[in-house]
Amino acid sequence: ATLSLSALGSWDADFDDLAYSWVLPPEATIVTEAPDQSKLDATFPVTPPLEPWSVALSVSDGISTRSVTMAMTVFDAPPTFGAAVDISALATVSSGVTVSYTIPVATDTVDGTVPVTCLPASGSTFVVGSTTVQCSATDSQGQTTEKSFVVTVTLDTIPPVLTLVDVIAEATGSSGAVVNYSASVSASDNGVIASFICAPPSGIVFALGPTTVSCTATDSAG
C-alpha cells in the first residue's frame, strides 16, 4: 500500500522555520517527496505478523529537535470468492449419487488466485436430501475466507416409459411363425434401466392368432 505522510501539522512557538526528516524502514520505497521533506508518499509492503512498520519523524527549528515514532500496519485483506451455484442431482439408488462440481475460484489482492479446499469434495457420494459444501481459501498471510453452496439430491420416483408396437406376422406353417419383435419394443428412463423383460420372449414360435406379450422395465431406483 502507498501511504501519504505529512509533517505540516508541526509548529514552533516562536515561529522559527522548521526542518523535517523521516526515517522509514528499509522495506519502504519513497514514491514522491516534497523538497523540504514536509510530505512524502511511500509504498510499504504487507506488515509481518505482530511486527508493525516503524516510521520516525524529526522536526527541528535549528536549535532543538523533537521526534515522534509511529507504528504503521499494512494488512492484506482476506481472499474473495467468486460465485458458487447450488446444485440439484437425481439419485437412482437410495444410497445417493456421485456429484462432481466446479470448485469456486478465490482471488487475493497480493497472492492472486489462491488454492481452494471444499468438503465434501467434488466426486463424493452425496446422500438423498440437502448437503452443504463448505469451501475455504487461505492467503499467504494466513487469512481465510469461506464460501458454501448446497447440493440437493432427489431420489428418482419416476418409472420407466415403455414403447410397444403391435406386430403382425405371416405364418410359415400350421404351427405359426417365428417372430422377432425386439425392434418393436423399447424402454426409456430418466435414470438407468436395470432390467427389461418381455414374455413370451422374442424369437420363438408364435401360434396362429393373437398372442399378448407382457413387458416389464425396472430402473435402478426400483
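Side chains included, hydrogens not; waters and symmetry mates left out as well; all remaining heavy atoms used. The residues of the chain are indexed from 1 along the displayed sequence.
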Q) Sub-3.5 Å donor-acceptor pair from the side chain of D219 to the main-chain atoms of G222, do we have one? A) yes
Q | T107 side chain near V114 side chain, heavy-atom distance below 4.5 Å | A | no
Q) Do T2 and T43 have a side chain donor and acceptor closer than 3.5 Å? A) yes
**Q.** Closest non-hydrogen atom pair, G96 against T125
**A.** C-CG2, 4.3 Å
**Q.** Student check: side-chain heavy atoms of V55 and L5 closer than 4.5 Å
**A.** yes
Q: Write down the atom of A77, the atom of D139, and the distance for their closest heavy-atom approach.
A: O-OD2, 3.5 Å
Q | Any donor-acceptor pair under 3.5 Å from W22 side chain to A7 backbone | A | no
Q: For T144 and S136, test the side chains for any donor-to-acceptor distance below 3.5 angstrom and give the result as yes or no.
A: no
Q) Which atom names give the shortest non-hydrogen contact between T152 and S130, and what distance separates them? A) OG1-OG, 3.4 Å
Q: Is it possible for you to say whether V150 and V97 belong to one hydrophobic cluster, with membership spreading through side-chain heavy-atom contacts below 4.5 Å?
A: no
Q: Kindly determine whether E146 and C135 satisfy side chain to side chain contact (heavy atoms under 4.5 Å, CB included), including the steps that lead there.
A: CA-CA 6 Å; E146 294 186 343; C135 300; over 6 Å; no
Q) Looking at A56 and T69, what are the two nearest heavy atoms and their distance? A) CB-OG1, 4.0 Å
Q) Same hydrophobic cluster for I30 and L57, using side-chain heavy-atom links shorter than 4.5 Å among ILVMFWY? A) yes
Q: Report yes if the side chains of E33 and K39 come closer than 4.5 Å at any heavy-atom pair, otherwise no.
A: no
Show me the side-chain donor-acceptor pairs of residues 195-214 shorter than 3.5 Å, one per line, residues at least two apart or across chains.
unit_1	atom_1	unit_2	atom_2	d
S202	OG	Y181	N	2.8
S202	OG	S182	OG	3.4

Q: Indicate, with yes or no, if V128 and V151 share a hydrophobic cluster defined by side-chain heavy-atom contacts under 4.5 Å among Ile, Leu, Val, Met, Phe, Trp and Tyr.
A: yes
Q: Decide yes or no on side chain to side chain contact (heavy atoms under 4.5 Å, CB included) for V110 and Q141, but give the supporting numbers first.
A: CA-CA 9 Å; V110 173; Q141 301 300 311; 5.7 Å; no
(Q) Show the nearest heavy-atom pair for residues S10 and V59, with the distance to one decimal. (A) OG-CG2, 3.6 Å
Q. For F149, which residues count as a ring pair (Phe, Tyr, Trp, His ring centres under 6.0 Å) partner, sequence neighbours excluded?
A. Y101
Q. Roughly how far, to the nearest 0.5 Å, is the CD1 atom of I87 from the OG atom of S122?
A. 7.5 Å
Q.
For a quick test of reading the model, state the closest non-hydrogen atom pair linking S58 to S67 and the distance between them.
A. OG-OG, 2.7 Å
Q: Output the distance between atom CG (N190) and atom CG (D156), rounded to the nearest 0.5 Å.
A: 4.0 Å
Q. Same cluster or not: are V93 and V153 linked, directly or through other Ile, Leu, Val, Met, Phe, Trp or Tyr residues, by side-chain heavy atoms under 4.5 angstrom apart?
A. no
Q. Any sub-3.5 Å donor-acceptor pair from D189's side-chain atoms to I193's backbone N or O?
A. no
Q: Can you measure from OG (S4) to CG (D41) and round to the nearest 0.5 angstrom?
A: 3.5 Å
Q. Cluster question for you: counting only ILVMFWY and a side-chain heavy-atom cut-off of under 4.5 Å, with indirect links fine, are V185 and L162 together?
A. yes
Q: Measure the shortest side-chain to side-chain distance between F126 and P120 over non-hydrogen atoms and say whether it is less than 4.5 angstrom.
A: yes
Q | From CD1 (I103) to NZ (K147), nearest 0.5 Å | A | 15.0 Å
Q) Does any N or O in the side chain of T145 come within less than 3.5 Å of the main-chain N or O of P79, such that one atom is a donor and the other an acceptor? A) yes
Q. Taking side chain as C-beta onward, heavy atoms only, is R66 less than 4.5 Å from V68?
A. no
**Q.** Approximate separation, where rounding is to 0.5 Å, of E27 CD and F44 CZ
**A.** 10.0 Å
**Q.** Spatial distance of atom CG (L24) from atom OG (S54) [nearest 0.5 Å]
**A.** 9.5 Å
Q. Is there a donor-acceptor pair closer than 3.5 Å between any side-chain N or O of T47 and the backbone N or O of V74?
A. yes
